[in-house]
Amino acid sequence: MSNVPIIILKEGTEEVREREARKQNITAMVAIAETVRSTLGPKGMSKMLVDSLGDVTITNDGAEILNNLDIENIAANMMVNVAKSIDEDIGDGTTSAVIFSAALLNNALELIEQSIHPKPVMHGYKLAADKALEIIKEIAAKISSEDDEILKNVAKTAMNAKDIAPLKDFFSNLALNAIKQIAEEDGKTFARVSNVKIVKSPGKSLKDSELINGVYTQKDKVNAMMPELIKDAKIAVIRRKLDVKKTEFDAQVRISSPSEIQKFLDQEEKILRDYLKIFKDLGVNVIVNSSDISDKFGGYLAKEGIAGIKNVGESDYKSILKAVSANLVDDLKSLSEEDLGFAEKVHFEKLGDDEYTLFSGCKNPKSVSILLKGGLDKILSTAEVSLNDVLSVIAKVIDTKTVVAGGGAIYIELAKRIRAYANEIGGKEQLAVNAFALALEEIPKTLIRNAGLEEIEMLTELRAAHKTADDKWIGIDTITNAIGDNFKKGIVEPAELINHIIKSGSELANLILRVDRIISAKGSR
Ligand SMILES: Nc1ncnc2c1ncn2[C@@H]1O[C@H](COP(=O)(O)OP(=O)(O)OP(=O)(O)O)[C@@H](O)[C@H]1O
Ligand SMILES: [Mg+2]
């Protein structure tokens, strides 16, 4: 008998082997990278996305474009998921992640086609990735969370490649103020972007956008007679149905006579009156309830000049708690003065077609809103996506406190040091480490190409400019088309962004290179 294993596959299963399998996957990944490549950087172009209903979106946001691609190849889908995870974690860098991952795999494919086994390629990539992370740790600039200038530059760099770039001074101030307001201290400073809520509102221009010291919630008051505006609001945030549940009555209540109906109503009345007394005694004039408020109780509240909103979702009441500094209370009997929150104003207003409750003038709120104003819906939506990215990168830098220079600088420096490292390594791994360095340079190369500049010439110039450690931040500014110290020019990004791109790109490469068969079940394509 022969030693060749016999693989029995179900009828209809399609099997693609070795070289062909790898090639299919990598070709699909490169094709995706080609789709987003031209959007990278300040001079990147936009894509026009047309959905199945014919709705058009024009965007240069990598995540948005990738979300709209209908991709069949599984490996390419994995790459898209890696890019999306970067967008979720850092808020930026999707396009770069795709370009880098695809370049890594394409370079690996070339080595494999020269009859180098995937094993040393994978090993070489692992060595190079570890080395790259080590280098970033060593050379990244350490900053403090008080370094407003750098934090603003991080914001502006992220905006350079977006439609809101002309307003980058305005929005970097707005975003930084928002993040600084919600930053918390717990041994170290940290900021959660989810505590900044962006609310879109029709207005003259994006420049009228403003930071609100408080939060917006898409809710209207439960009773029309409640006041529109409450000044010096004392706010109770509760999770308790303000209604009379049947079980609260004596189980034996059987209504068989008019007097019993009256008794029933009296009992209901009493329970509701007791609730009302609790609020009145504490001077509460605004109630935020994550549960229901009955129409009847809403009426009682309105008569007392108390406003209330009901069925407030978890993320909304959590931001209200943080903005007004209140405690969530389940049991009304335990509600006390300390649980109440405060806002100078609680106002019910309409923004566009929606009703909102605005809590403003909060004391040191740990949750804030940005009221994003603009004329066209599409402009507002694009600005919202970009602003979200900007808030995320600032928060990331406040958390991690390390930055590197963009405009290709970090990639050129990494490539240089990794090539030096390759010389220390012998064997086939050395070729892979060099291939890794080449993949890193794909980012500056693309930035140059997208600016319409001479790719090879500029890349050679950049490489040559990185002579000593002092030259580490030399990159290209594709707004002025000049080569120089990009850190000094304020082109900076979170070091964590590059870490993430390198880690996930190389993990993905490892995973894909290990595949030597594609076995698709019948009907999976
Ligand atoms: N003035 C500048 N000159 C050259 N490059 C710049 C400049 N400003 C920003 N960049 C670079 O542009 C790149 C980011 O481009 P872009 O925002 O289009 O892609 P991304 O961040 O990878 O993906 P995403 O679509 O998620 O934002 C970074 O490498 C950044 O350093
Ligand atoms: Mg970006």
Side-chain angles (χ1 to χ4, degrees), residues 32-33 35-47 49 59-69 79-80 82-103 152-166 168 172 382 385-394 396 403-414 440-453 458-459 462 473-498 500-502 504-505:
I32 303 290
T35 319
V36 292
R37 183 189 292 279
S38 65
T39 70
L40 187 80
K43 295 279 175 71
M45 307 291 275
S46 293
K47 300 281 164 197
L49 307 173
T59 180
N60 59 7
D61 187 78
E64 204 172 356
I65 299 168
L66 295 172
N67 269 331
N68 282 283
L69 294 178
M79 182 177 71
V80 169
V82 161
K84 283 186 192 161
S85 82
I86 290 180
D87 194 52
E88 271 159 33
D89 183 36
I90 321 265
D92 198 14
T94 34
T95 313
S96 307
V98 166
I99 293 174
F100 175 63
S101 306
K152 260 190 251 177
N153 285 338
V154 168
K156 288 184 204 169
T157 304
M159 268 183 275
N160 272 346
K162 303 285 167 218
D163 291 344
I164 56 172
K168 63 182 177 183
S172 58
T382 315
V385 173
S386 308
L387 190 55
N388 244 322
D389 289 6
V390 172
L391 291 165
S392 304
V393 288
I394 300 179
K396 202 44 151 189
V403 292
V404 295
I410 179 70
Y411 297 100
I412 300 281
E413 182 67 12
L414 283 173
L440 286 168
E441 286 179 341
E442 221 26 62
I443 307 282
K445 222 164 120 184
T446 308
L447 288 170
I448 296 168
R449 183 194 301 175
N450 288 351
L453 300 169
M458 283 268 185
L459 191 63
L462 277 175
W473 299 143
I474 294 182
I476 176 138
D477 177 352
T478 58
I479 296 174
T480 59
N481 288 348
I483 286 180
D485 188 319
N486 274 355
F487 201 93
K488 289 197 185 121
K489 284 191 188 167
I491 305 173
V492 281
E493 31 200 19
E496 195 53 29
L497 171 61
I498 322 296
H500 207 322
I501 289 173
I502 287 175
S504 44

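Residue numbers count from 1 along this sequence. Everything numeric here is computed off the predicted structure, so don't read it as measured data. We count ligands from 1, going down the list as the structure has it; atoms in each ligand are counted the same way.
Metal site remark for the Mg ion (ligand 2): Asp61 contributes no N, O or S atom at a distance under 2.8 Å.
For ligand 1, the atoms lying closer than 4.0 Å to a non-hydrogen atom of Gly62 are 24 (P), 25 (O). With ligand atoms numbered from 1 in the order given, ligand 1 contributes 17 (O), 24 (P), 25 (O), 27 (O) to contacts under 4.0 Å with heavy atoms of Lys162. Close contacts of ligand 1 with Gly406, meaning ligand atoms under 4.0 Å from a residue heavy atom, involve 31 (O). Counting the atoms of ligand 1 from 1 in the order shown, those under 4.0 Å from a heavy atom of Asp61 are 25 (O). Residue-ligand proximity, Ile479 to ligand 1, at heavy-atom distances under 4.0 Å covers atoms 1 (N). Near Thr94, with a cut-off below 4.0 Å to any heavy atom, the atoms of ligand 1 are 22 (O), 23 (O), 24 (P), 25 (O), 26 (O).
Taking a 4.0 Å cut-off on heavy atoms, Gly93 registers as neighbouring ligand 1. Taking a 4.0 Å cut-off on heavy atoms, Glu64 fails to register as neighbouring ligand 1.
Checked against the Mg ion (ligand 2), the N, O or S atom of Asp92 at the shortest distance is OD1.
Side-chain atoms of Ser101 do not come within 3.5 Å of backbone N or O of Val98 as any donor-acceptor pair.
Closest of all the heavy-atom pairs between Ala405 and Ala409 is O-CB, 3.7 Å. The two residues Val393 and Ala158 have their closest heavy-atom pair at CG2-CB, 3.9 Å. The two atoms that bring Ile479 and Pro42 nearest to each other are CG1-CB, 4.0 Å, heavy atoms only.
Here atom 31 (O) of ligand 1 lies nearest to Gly407 when heavy atoms of Ala482, Gly407, Ser38 are compared.
Atom 27 (O) of ligand 1 has its closest protein heavy atom at Asp92 OD1, 2.7 Å. In this structure, the protein non-hydrogen atom closest to atom 15 (O) of ligand 1 is Gly41 N, 3.1 Å. The protein heavy-atom contact nearest to atom 19 (O) of ligand 1 is Leu40 CD1, 3.4 Å. Closest to atom 2 (C) of ligand 1 among all protein heavy atoms lies Pro42 CG, 3.4 Å. Looking from atom 8 (N) of ligand 1 to the surrounding protein, the closest heavy atom is Asn160 ND2, 2.8 Å. Residue, atom and distance of the protein heavy atom nearest to atom 3 (N) of ligand 1 are Thr478 N, 2.9 Å. The closest protein non-hydrogen atom to atom 17 (O) of ligand 1 is Ala161 CB, 3.4 Å.
Residues Glu496 and Ile90 have side chains in contact (heavy-atom distance under 4.5 Å, counting atoms from C-beta outward). For the pair Asn481 and Lys43, the minimum side-chain heavy-atom distance is below 4.5 Å. Contact of the Ser386 side chain with the Asp61 side chain is not registered, since no non-hydrogen atoms from C-beta on lie closer than 4.5 Å. When side chains are defined from C-beta on, Phe487 does not count as touching Asn153, because their heavy atoms never get closer than 4.5 Å. Looking only at side-chain heavy atoms (C-beta outward), Asn60 and Lys162 come within less than 4.5 Å of each other. Within the 4.5 Å cutoff, side-chain heavy atoms of Val154 are placed close to those of Pro494. Under the 4.5 Å side-chain criterion, counting only non-hydrogen atoms from C-beta, Leu497 is in contact with Ile86. Looking at Tyr411 and Ile501, their side chains come closer than 4.5 Å, going by heavy atoms from C-beta outward.
Note: an N/O pair closer than 3.5 Å links Asp477 and ligand 1 by distance alone. Residue-to-ligand polar distances place Thr95 within reach of ligand 1: an N/O pair is separated by less than 3.5 Å.
For Ile476, every heavy-atom contact with ligand 1 shorter than 4.0 Å involves the backbone, none the side chain. Contact annotation: for Glu493 versus ligand 1, heavy atoms closer than 4.0 Å belong to the side chain alone. At a heavy-atom cutoff of 4.0 Å, ligand 1 is contacted by the backbone of Thr39 but not by its side chain. Using a 4.0 Å cut-off between heavy atoms, Thr157 contacts ligand 1 through both its backbone and its side chain. By the criterion of a heavy-atom distance under 4.0 Å, the side chain of Leu447, and not its backbone, is placed next to ligand 1. Contact annotation for Ser96 and ligand 1: heavy atoms of both the backbone and the side chain come within less than 4.0 Å of the ligand.
In this structure, OG in Ser392 is found 7.5 Å from CG in Asp87, a value given to the nearest 0.5 Å. The distance from the CG atom of Leu459 to the CD1 atom of Ile476 is 10.0 Å, given to the nearest 0.5 Å. Remark: Ile474 CD1 to Asn486 CG distance equals 9.0 Å, nearest 0.5 Å.
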